Number of protein chains: 2
Amino acid sequence: MAGQVQRQTGVALWRQIADRIRQAISAGAYDETGMVPPETVLALQFGVNRHTVRSALAALAQEGIVRAVQGRGTLIERKERLNFPITRRTRFTTGIGEQAREMRGLLLSHSEEKADAEVARWLKLREGEPVIRMETVRKADGRPVSCATAWFPARRFAGLPDAYKRTESITKAFAELGLADYVRATTEITASHADDADIAALELTPGAIVLITKAMNTDLEGIPVQYAISRFSADRVQFTIEN
Amino acid sequence: MAGQVQRQTGVALWRQIADRIRQAISAGAYDETGMVPPETVLALQFGVNRHTVRSALAALAQEGIVRAVQGRGTLIERKERLNFPITRRTRFTTGIGEQAREMRGLLLSHSEEKADAEVARWLKLREGEPVIRMETVRKADGRPVSCATAWFPARRFAGLPDAYKRTESITKAFAELGLADYVRATTEITASHADDADIAALELTPGAIVLITKAMNTDLEGIPVQYAISRFSADRVQFTIEN
DNA sequence: TTTAAATGTCTATTGATATAGACAACTATA
DNA sequence: TATAGTTGTCTATATCAATAGACATTTAAA
């Protein structure tokens, strides 16, 4: 963990340091001891005052990632960065399945609406054709991993929101409606700062980074069945593309 | 662009606002006028003082995204994002080629060294075997798009840095050394705040976001020929994965 | 039991961030 | 040529972020 923090960027040093330590933890940098280095050592490493390090550690403690014990040190409570493979067979639950005990997809809201230009383009519909929109949050072991807005052709998938609410899985909901299999056709990936909706849905703090995917799934005949914009906490997730 | 900014989170209000405006610009929110709303309007929208908005706009002006003209308003200068497809045949030059007139890869430095554990794992070498390391910056129409550190098996690709310096392309450099074709095997994608090296190499400002890829290319027999860590300006680039 | 090493708490000071208000300077247009 | 609307600059004040140092408290090991 080399490299210095940056001053006068509008991002407080304690927040930059918190982000770096969080990342180091999830990269397994402190696995041998199960503890973060002492505050004085971190202060030296980052070239800041011990109090600044303490602010960073306090923020991580607030997130439940570390726990300070007077006299002993600062213990690591939790260390995750989920790996998310993107392939033709990308599925949220099975993709992350082995890395977490429990995986849930929660339906926040849904509605039927007319496809705007963008949705129509991705789903290969005409503008104005009916689509189902679903807002979802996906959680691994109770921790929000991503929030998504997904669109589906309404004529083909009436009843999808109900099935999703029951099964908490797109794959299973599709299966209930007679679509046994589907494949990931296209994924676009960008990154940005979290906006208010992200901060609320993913339990982030302002200034956090989100990875954003725009993905289109098709059935086995290449007909689009889903278009989704998903937003992932960059601290908790990475993507892997295997070609 | 509704929603309020958040206070006392370690991220300065002016930076949150700059991020939001940058995003709104790239989403085309102000395409009709080609201008950002007046400072007083933005201040009202975000619920902050006009001076805070001015700090945000100053940061965006520094990035070259807007330009303030006294008496008229704040004009939008730039709102583009290069698309970078990731496939088995991912190549920097041909991938972005159509979206820019000129595409160059510049060799900053190179050296021969012994593979550390990570490089050895990716290139399927034994730790300590000789590898060539190259630091490069890739530019589209003179604008830095990414900087990369790449490793190659030294025994197989002696002379690669020279060939790259001449051709400004990995594909062509490989070809000169007798490797006619290669494929992208694996790509990992994460995101983070830009560090000092990124800021210098990519001409960014502190607080900017970088998309980070760790990629491995193999020859047609599946033998690794390159491992590279590339850092892209998130404001200028997006990735597309076609499956 | 002592001691070293770690976190916890307090005071004080400096610089960055944010607000508030007033007014100057410039642009486009009525 | 006024005038409304916009950005630019200045002063002043309050709060947050960061540094600095001193010392208390707790833990684990010598």
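Being a predicted model, the structure only gives us computed values, none of them experimental. Residue numbering restarts at 1 for every chain, and letters A, B, ... go by the order of the sequence lines.
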- Task: To the nearest Å, give me how far apart CE (B:Met35) and P (D:dT7) are.
- Result: 7 Å

- Message: Can you list everything that forms a salt bridge (Lys or Arg N to Asp or Glu O under 4.0 Å) with A:Glu113? Sequence neighbours excluded, please.
- Response: A:Arg133

- Task: Rounded to the nearest angstrom, tell me the gap between atom CZ in A:Arg54 and atom C1' in C:dT9.
- Result: 8 Å

- Task: State which residues pass ring pair (Phe, Tyr, Trp, His ring centres under 6.0 Å) with A:Phe239; sequence neighbours excluded, sorted by chain then number.
- Result: A:Phe84, A:Phe232

- Query: Please, which pairs that meet salt bridge (Lys or Arg N to Asp or Glu O under 4.0 Å) have at least one residue in residues 23-50 of chain A, sequence neighbours excluded?
  - Reply: A:Asp31-A:Lys79, A:Glu39-A:Arg50, A:Glu39-A:Arg54

- Message: Are the side chains of A:Thr74 and A:Met35 in contact, using a 4.5 Å heavy-atom criterion?
- Response: no

- Value in whole Å for how far the P atom of C:dA16 lies from CG of B:Leu13: 17 Å

- What is the per-nucleotide protein-contact pattern of nucleotides 20-28 of chain D, from the 5' end, where B denotes a base atom under 4.0 Å from a protein heavy atom, S denotes such proximity for sugar-phosphate atoms only, and - denotes neither? BB---BBBS

- Message: Please enumerate all residues that pass ring pair (Phe, Tyr, Trp, His ring centres under 6.0 Å) together with B:Tyr227, with sequence neighbours excluded.
- Response: B:Trp122, B:Trp151

- Item | Nearest-angstrom distance from the residue atom CG of B:Leu60 to C1' of D:dT7 | 16 Å

- Task: Go through the structure and list residues passing side-chain contact (heavy atoms from CB on, under 4.5 Å) with B:Arg67, not counting sequence neighbours.
- Result: B:Val69, B:Leu75, B:Glu77

- Message: So, does A:Thr74 get its side chain near the phosphate of C:dT7, meaning an N or O under 4.0 Å from OP1 or OP2?
- Response: yes

- Item | Rounded distance (Å) that lies between atom P of D:dC16 and atom CZ of A:Arg15 | 16 Å

- Task: Whole angstrom is fine here: how far is it from CZ in B:Phe46 over to C1' in C:dA18?
- Result: 16 Å

- Message: Rounded to whole Å, please give me the gap between CD in A:Glu39 and C1' in D:dT19.
- Response: 15 Å

- Tell me: CD of A:Gln16 to P of D:dA17, nearest whole Å? 13 Å

- Looking only at D:dT19, D:dT7, D:dA17, the nucleotide nearest the A:Thr52 side chain is D:dT19

